Number of protein chains: 2
Amino acid sequence: MSYDPSAFPPFAVTVDLVVLTVRRHALCALAVRRGESPFQGRWALPGGFVRADEDLAQAAERELAEETGLRVHDPAIPAQDHGAHLEQLATYGDPKRDPRMRVVSVAHLALAPDLPAPRAGGDASNARWAPVDELLEQGGYGRDGEPVAPLAFDHAQILWDGVERARSKIEYSSLATAFCPPEFTVGELRRVYEAVWGVALDPRNFHRKVTGTPGFLVPTGGTTTRQGGRPAQLFRAGGATLLNPPMLRPEV
Amino acid sequence: MSYDPSAFPPFAVTVDLVVLTVRRHALCALAVRRGESPFQGRWALPGGFVRADEDLAQAAERELAEETGLRVHDPAIPAQDHGAHLEQLATYGDPKRDPRMRVVSVAHLALAPDLPAPRAGGDASNARWAPVDELLEQGGYGRDGEPVAPLAFDHAQILWDGVERARSKIEYSSLATAFCPPEFTVGELRRVYEAVWGVALDPRNFHRKVTGTPGFLVPTGGTTTRQGGRPAQLFRAGGATLLNPPMLRPEV
DNA sequence: ACAATAGTGTCTATAAGACAGTATTGA
DNA sequence: TCAATACTGTCTTATAGACACTATTGT
């Protein structure tokens with residue numbers, strides 16, 4: 001463990017982002033089309049180099065803002081609207097993961113409410129929300145008939161790891177509310193769980209669970225009828241971040 | 001997100017190791033004494049540079065073997081003795097975390113059974129197992145009367161994160177067996193949980209829980225009396241890696 | 001005998017799964 | 001009217017927590 005600063009191999013360090021949202025009952029991730037070689041024209045996760053004077057979290061926040069306009073939700077500001085959740089996911093450093101040079105990517109996971117439309121430097125055709133099932137498929141055709149190619153680099157692996165992280169973390173935390181707008185109904189929150197886990201949940205038991213867990217949901221007093229049917233109470237996310245006992249994920 | 005390989009800031013990439021074990025009913029971590037500036041003479045986590053042609057996991061395995069002689073347990077070889085568990089923990093990249101240059105450290109977490117004695121390049125005085133409480137204390141004196149200085153760099157943060165990861169992971173996985181020798185008793189496994197969590201567990205309910213979870217423990221047929229009292233059955237770790245329902249950690 | 005640890009059994013409280021039934025809207 | 005969603009309540013089952021009791025060793 002000699003620590004000689006004059007003799008170390010130089011690396012490039014990037015941050016890549018797994019930005020997840022729930023649209024039309026499906027778990028979707030933000031993908032951008034690569035304009036250059038390698039993997040030119042293929043879809044990839046958004047990301048970029050960490051700057052020389054920048055912390056890893058700062059770099060991830062900057063990339064997230066550049067790609068989506070989202071600011072990161074600060075838990076110290078509970079009333080803040082439309083903040084995304086951002087956390088470090090894992091680091092990928094296979095020597096051959098980028099054919100050009102040695103790149104270590106510190107992947108981050110962001111959870112966002114359903115957003116108007118993606119923007120990638122102003123060019124909408126080069127960024128989209130795609131169902132994660134579609135992005136993780138090996139070949140075939142997407143819902144719009146466009147042929148599906150695997151994601152660039154090791155981004156399929158990174159996306160898979162991010163999805164798994166999100167799937168397990170909503171079990172024991174209140175993170176699922178990060179997919180919801182500031183005010184939401186129990187039914188909307190349930191549809192988030194159903195989309196992320198890909199299962200159907202009993203609406204009555206779900207209602208009992210989330211309303212019975214202290215600090216999870218706070219009623220705002222308002223109601224909404226945007227789902228059709230009987231008007232539903234609106235809630236905000238409460239202060240509790242940990243769910244104990246957890247929300248149980250049904251067997252597959 | 002321009003991806004120009006000719007213009008990226010160069011980083012050094014290291015792996016640092018949080019190696020945990022349970023000795024004398026206390027959760028301990030491997031610490032090495034720094035021989036050079038900065039933080040000369042202070043305790044630090046073992047680690048070193050990632051080589052140019054090396055994957056991150058390979059680098060962590062190499063460092064672990066260099067510091068402890070431990071090989072990583074391969075789940076594909078269930079009969080393998082004294083294998084440690086190794087997983088990536090998190091990556092630390094504050095621009096000022098190393099005063100000499102920009103270093104990004106990919107921390108890894110290793111869980112090991114109680115080992116004979118640490119070795120650091122053959123020099124035993126420069127490596128030791130220390131209770132994590134002692135390493136995380138701010139000043140004061142350790143159990144041997146030696147004055148305690150904070151760990152070098154941001155290693156206190158890294159150690160804390162590793163301990164938290166271990167504490168939560170033994171709740172829902174069979175990872176606690178990584179702290180045990182190949183054959184162990186229910187009581188020994190319970191003392192691992194007690195040391196890692198810092199709580200007392202009811203021996204009877206613990207026994208019911210671990211023996212009643214299918215695939216967690218496999219009896220070997222042997223018995224031992226090394227704890228004193230009535231001879232106890234010996235077990236190996238079963239194939240199950242996930243504990244469902246989890247082992248519940250008592251409130252503090 | 002006694003201390004120490006191993007192991008079994010029993011009662012209770014909590015919470016999840018299944019599902020009946022009522023309430024309030026829009027079409 | 002009916003379909004759709006929201007909500008309340010009830011019964012059963014699984015499991016954790018507390019703790020009485022027996023079993024088998026060393027001193």
Side-chain angles (χ1 to χ4, degrees), chain A residues 24-25 170-172 176 180 183-195 197 199-235 240 242-252, chain B residues 24-25 170-172 176 180 183-195 197 199-235 240 242-252:
Chain A
R24 285 181 260 108
H25 292 208
I170 64 174
E171 289 185 45
Y172 57 89
C180 295
E183 297 199 351
F184 53 89
T185 69
V186 172
E188 289 165 349
L189 184 62
R190 176 170 48 81
R191 279 179 279 275
V192 163
Y193 275 91
E194 291 177 332
W197 284 344
V199 297
L201 299 175
D202 185 290
R204 299 158 292 186
N205 291 338
F206 184 88
H207 192 281
R208 176 182 62 191
K209 172 71 178 172
V210 296
T211 56
T213 300
F216 189 11
L217 298 184
V218 178
T220 66
T223 60
T224 182
T225 181
R226 59 180 172 241
Q227 302 296 327
R230 170 176 169 180
Q233 271 189 279
L234 285 169
F235 294 87
L242 253 49
L243 250 51
N244 202 316
M247 179 81 62
L248 288 186
R249 187 172 170 182
E251 312 282 320
V252 178
Chain B
R24 285 182 260 108
H25 291 209
I170 65 173
E171 288 185 46
Y172 57 89
C180 294
E183 298 199 350
F184 53 88
T185 68
V186 172
E188 287 164 349
L189 183 62
R190 175 171 48 82
R191 279 179 280 275
V192 163
Y193 274 92
E194 291 179 331
W197 284 344
V199 298
L201 299 175
D202 185 290
R204 299 157 293 187
N205 292 337
F206 184 88
H207 191 281
R208 177 182 62 192
K209 173 69 178 171
V210 296
T211 56
T213 300
F216 190 10
L217 298 184
V218 178
T220 66
T223 61
T224 182
T225 180
R226 59 180 174 241
Q227 301 296 328
R230 171 176 166 178
Q233 272 188 278
L234 285 169
F235 294 87
L242 253 49
L243 250 51
N244 203 315
M247 179 81 63
L248 288 186
R249 185 173 170 180
E251 312 284 318
V252 179

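All of these numbers come straight from a predicted model, not from anything done at the bench.
Atom pair B:Asp202:CG and C:dG9:C1' shows a separation of 13 Å (rounding to whole Å applied). Between B:Phe206 atom CZ and D:dA18 atom P there is a gap of 16 Å when expressed in whole angstrom units. The distance from atom CG of B:Asn244 to atom P of C:dA16 is 13 Å, rounded to the nearest whole Å. Here the P atom of nucleotide D:dT25 and the CZ atom of B:Arg226 are 16 Å apart, to the nearest Å. Atom pair B:His207:NE2 and D:dT24:P shows a separation of 14 Å (rounding to whole Å applied). Going from atom CD of A:Glu171 over to atom P of C:dA16 covers 13 Å, rounded to whole Å. Remark: P of C:dA6 and CG of B:Leu234 are 11 Å apart, rounded to the nearest angstrom. Between the P atom of C:dT5 and the CD atom of B:Gln233 lies a distance of 18 Å, rounded to the nearest Å.
At least one side-chain heavy atom of A:Phe184 sits less than 4.5 Å from a side-chain heavy atom of A:Leu217. A:Leu234 has its side chain out of reach of A:Thr223: every pair of non-hydrogen atoms, C-beta onward, lies at least 4.5 Å apart. With contacts defined as side-chain heavy-atom distances shorter than 4.5 Å, the pair B:Arg191/B:Cys180 does not qualify. Looking at heavy atoms from C-beta onward, A:Glu171 lies in side-chain contact with A:Trp197 at the 4.5 angstrom threshold.
Residue A:Pro245 has its side chain nearest to C:dA15 when only C:dG7, C:dA15, D:dA16 are considered. Distance from the side chain of B:Ala232 is smallest for C:dG7 among the nucleotides C:dG17, D:dT5, C:dG7. Here C:dG7 is the nucleotide among C:dG7, D:dG17, C:dA15 with the atom lying nearest to any side-chain atom of B:Arg230. Listed candidates were C:dA16, D:dA6, D:dG17. Nearest to the side chain of A:Leu248 is C:dA16. Which of D:dA6, C:dG17, C:dT10 sits closest to the side chain of B:Arg208 comes down to C:dT10. The nucleotide whose nearest atom lies closest to any side-chain atom of B:Asn205 is, among D:dC19, C:dG17, C:dA20, D:dC19.
With rounding to the nearest 0.5 Å, the separation of CZ in A:Arg190 from CE in A:Met247 is 11.0 Å. Rounding to the nearest 0.5 angstrom, the gap separating the CG atom in B:Asn244 from the OH atom in B:Tyr172 is 12.5 Å.
Of the possible donor and acceptor atoms, one in the side chain of B:Glu194 sits under 3.5 Å from a partner among the backbone N and O of B:Leu201.
Taking a 4.0 Å limit (strictly below) on heavy-atom distances, residues 185-195 of chain A does not reach DNA chain C anywhere.
Distances shorter than 4.0 Å separate none of the side-chain N or O atoms of B:Lys209 from OP1 or OP2 on D:dT15.
Along DNA chain C, the nucleotide closest to A:Arg204 and the one closest to A:Gly228 are compared, and the more 5′ of them pairs with A:Arg204.
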